[in-house]
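To keep things clear, I will list the structure first and then write my remarks on it.
Values below: every heavy atom of this structure, side chains too, minus hydrogens, waters and symmetry copies. Both counts, for ligands and for their atoms, begin at 1 and track the order of listing. Quick note: residue numbers are just sequence positions, from 1.
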Amino acid sequence: MFILMKRRNILIGLLVVALTVGLCFAVTTTATSAYSVPKIGKTVVIDAGHGGADGGVVGVTTSVKESDINLSIARSLKHFLKTKGYDVVMTRSTTDGLYGMTTKNKKLKDMQERKRIIENSNADLVVSVHCNSYPRHDQLGAQVFYAPGSEDGKQKAEMMQSVLGATLNTSRKAQSGDYFILQCSALPSVLVECGFLSTPEEEKLLVTSAYQEKVAYAIFTGIHTILGDA
Ligand SMILES: [Zn+2]
């Protein structure tokens, strides 16, 4: 009986070891196989605008929150960049804002946290993702913004805008914009307004995952145009 028990214990022990090794192997392979492409040594911060209590602008017919569309585009963009070997830092990966448990000054805390993440990233490029809104319901097209007075920002924004123009069919021009995220660090930064949620025909596109992926791929192509051969 004692020997039998012992043997059974040994067998159970071996089984546990085998399962653990198997599981570790599975986890490791899953973790590495997702993006087993050579790293190209470039880091991009993707900043999905708004989140949590701050939904940003809303869709004129569906009331969709800009924050959700921004996140969805940001996630696809991350995937495209990782597939190409870029390192990616997301300012947020969930629908939550970045103000933690605080009940006061949420917006200020959120922006301070984005600034902290961006400064610590030492990234080659910061790309902030937003959706636009306008009082009239006839505005269309993605538009890229850069920090006022930044020649480097302007150049990069124009490169991004020309890719978006070719892929998303817009004739808008890159423009300087007084946005916190563009000026909160010394890192090269652009802000992409992906389209107008105040215009029903563009809202109709922006709420679909197919168009969100199309926008993400266009931004990815813009980033690779800016950084790929640098
Ligand atoms: Zn926004």
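Residues forming a side chain to side chain contact (heavy atoms under 4.5 Å, CB included) with S150 (at least two apart in sequence, or on another chain): A147, D152.
For an aromatic pair to be called close, the ring centres must be under 6.0 Å apart, and F220 with H79 fails this.
L197 pairs in a side-chain contact (heavy atoms from CB on, under 4.5 Å) with only one of the listed residues (T61, I69, V58), which is I69.
Note on residues 50-73: pairs passing ring pair (Phe, Tyr, Trp, His ring centres under 6.0 Å), not counting sequence neighbours, are H50-H130. The stretch residues 160-171 participates, sequence neighbours left out, in no side-chain hydrogen bond (donor to acceptor under 3.5 Å, both in side chains) pair at all.
In terms of hydrophobic clustering, with Ile, Leu, Val, Met, Phe, Trp and Tyr side chains grouped at heavy-atom distances under 4.5 Å, I46 and L191 are assigned to different clusters.
If you count the protein N, O or S atoms nearer to the Zn ion (ligand 1) than 2.8 Å, you get 3.
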